[in-house]
S.K.: 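Take this structure first; my questions come after.
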Amino acid sequence: SRRHVAYGHVWASEWKERRGGFVTLRELSRVTMELVCESLGFKGKGICKVHGTGFVVICDRALPGERFLGCVTRRKGSYAEVTKIKTLTPHRDLVEAPCEYASYCGGCKAQNLSYEAQLRAKDEQVHELITHVGRFSDNSPGLETVLKAIVSCDIQF
């Protein structure tokens with residue numbers, strides 16, 4: 001059994017082997033995973049999938065393209081929440097946040113994401129809502145009248 005010595009957590013590969021049976025919240029809370037954030041979700045939380053399983057995990061302050069170690073803190077039905085322990089590779093659109101309190105305040109979770117990347121993330125979120133909640137498909141007639149391009153602002157902050 002591979003264990004992460006510094007934290008004493010079970011690695012994701014070992015957790016995957018256990019998934020065939022019932023996994024308690026206590027067991028799940030000891031799981032450390034290496035994750036890559038795929039996109040931003042509601043309230044700026046990073047959406048990731050456990051490699052090889054497709055299981056969705058959500059991480060506060062994880063940004064698209066960022067590779068990090070995360071520890072599961074809570075499981076909610078079909079997904080889990082993780083806390084970032086250590087960033088392995090920073091996200092591809094890293095910028096310095098204009099607010100000195102951004103790293104711990106919590107109000108503006110994506111300030112250290114470039115403005116262009118923020119616009120792309122918002123466009124993806126709106127597209128996702130229109131197609132899944134609104135039940136439009138990418139070839140639906142009239143989609144272009146409903147889904148317009150995101151308009152950037154001259155003053156960003």
Side-chain angles (χ1 to χ4, degrees), residues 1-97 99-138 146-147 150:
S1 138
R2 295 184 337 180
R3 294 205 176 256
H4 191 280
V5 178
Y7 299 102
H9 298 299
V10 180
W11 280 96
S13 58
E14 188 176 333
W15 176 59
K16 184 179 171 184
E17 292 169 10
R18 293 184 190 182
R19 281 189 69 218
F22 179 73
V23 179
T24 66
L25 181 59
R26 186 174 183 179
E27 287 177 309
L28 192 60
S29 66
R30 293 179 294 158
V31 175
T32 297
M33 298 178 230
E34 184 175 318
L35 300 163
V36 176
C37 180
E38 295 181 8
S39 63
L40 285 180
F42 185 63
K43 293 186 178 182
K45 294 188 178 199
I47 308 295
C48 313
K49 291 184 181 167
V50 176
H51 180 72
T53 67
F55 186 74
V56 175
V57 293
I58 297 173
C59 183
D60 201 21
R61 301 198 180 279
L63 298 169
E66 181 178 17
R67 193 169 60 91
F68 63 96
L69 288 178
C71 181
V72 176
T73 55
R74 182 164 46 170
R75 183 170 180 162
K76 292 183 151 194
S78 61
Y79 71 95
E81 294 178 3
V82 298
T83 298
K84 190 186 324 180
I85 296 171
K86 178 181 179 183
T87 299
L88 302 174
T89 308
H91 53 89
R92 57 187 168 258
D93 296 306
L94 178 65
V95 295
E96 190 167 329
C99 176
E100 64 182 288
Y101 306 108
S103 63
Y104 55 88
C105 165
C108 309
K109 297 179 189 221
Q111 270 197 15
N112 58 345
L113 186 62
S114 74
Y115 186 62
E116 295 75 23
Q118 290 180 37
L119 293 175
R120 284 193 306 272
K122 181 60 72 177
D123 190 58
E124 289 173 14
Q125 289 175 356
V126 171
H127 186 269
E128 188 80 14
L129 283 170
I130 296 283
T131 56
H132 288 92
V133 177
R135 299 185 188 203
F136 282 85
S137 72
D138 286 331
V146 175
L147 188 60
I150 300 289

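Just so you know, these numbers use all the heavy atoms, side chains as well, and skip hydrogens, waters and symmetry mates.
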S.K.: Would you mind listing every side chain to side chain donor-acceptor pair (under 3.5 Å) that reaches into residues 118-128, with sequence neighbours excluded?
M.R.: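 Applying side chain to side chain donor-acceptor pair (under 3.5 Å) to every pair that reaches into residues 118-128, excluding sequence neighbours, yields Asp93-Arg120, His127-Asp138, Glu128-His132.
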
S.K.: Would you say that Arg75 contacts Phe55 through its side chain, given a criterion of any heavy-atom pair below 4.5 Å between the two side chains?
M.R.: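 Arg75 vs Phe55: side chains touch.
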
S.K.: Which atom pair, heavy atoms only, marks the closest approach of Glu38 to Pro64?
M.R.: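 Scanning both residues completely, I find the closest heavy atoms to be O-CB, 4.4 Å.
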
S.K.: Thr87: what forms a side chain to side chain donor-acceptor pair (under 3.5 Å) with it, not counting sequence neighbours?
M.R.: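 With neighbours one apart ignored, the set is Glu66.
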
S.K.: Ile58 versus Ile47: any side-chain heavy-atom pair under 4.5 Å?
M.R.: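 Yes - at least one pair of side-chain heavy atoms lies under 4.5 Å apart.
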
S.K.: Enter the distance from Leu119:CG to Ser114:OG here, rounded to the nearest 0.5 Å.
M.R.: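 Reported to 0.5 Å precision, the distance equals 8.5 Å.
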
S.K.: Once rounded to the nearest 0.5 Å, what's the spacing between atom CZ of Arg74 and atom OG1 of Thr83?
M.R.: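 Rounded to the nearest 0.5 Å, the CZ-OG1 separation comes out at 10.0 Å.
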
S.K.: Among Asp60, Thr73, Val57, Val72, which residue meets the side chain to side chain contact (heavy atoms under 4.5 Å, CB included) test with Glu81?
M.R.: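 Looking at Asp60, Thr73, Val57, Val72, the match for Glu81 under the side chain to side chain contact (heavy atoms under 4.5 Å, CB included) is Thr73.
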
S.K.: Can you tell me how far SG of Cys48 sits from CD of Glu34, rounded to the nearest 0.5 angstrom?
M.R.: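 Taking CD in Glu34 and SG in Cys48, the distance rounds to 11.5 Å.
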
S.K.: Are more than 12 heavy atoms, taken from residues, nucleotides or ligands other than Lys49, located less than 6.0 Å from that residue's NZ atom?
M.R.: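 No, NZ of Lys49 has 12 or fewer neighbouring heavy atoms, counting only those of other groups under 6.0 Å.
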
S.K.: Within the structure provided, determine whether Phe68 and Leu35 are in side-chain contact (heavy-atom separation under 4.5 Å).
M.R.: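 Result yes, sub-4.5 Å side-chain heavy-atom pair found.
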
S.K.: Would you name the heavy atoms of Ile85 and Cys71 that are closest together and state the gap between them?
M.R.: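 That would be CD1-CB, 3.5 Å.
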
S.K.: Would you name the heavy atoms of Ala62 and Leu40 that are closest together and state the gap between them?
M.R.: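 Closest heavy-atom pair between Ala62 and Leu40: O-CD2, 3.7 Å.
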
S.K.: Considering all heavy atoms of both residues, which atom of Leu113 and which atom of His91 are nearest to each other, and what is their separation?
M.R.: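 Looking at all heavy atoms of both residues, the closest pair is CD1-ND1, 3.9 Å.
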
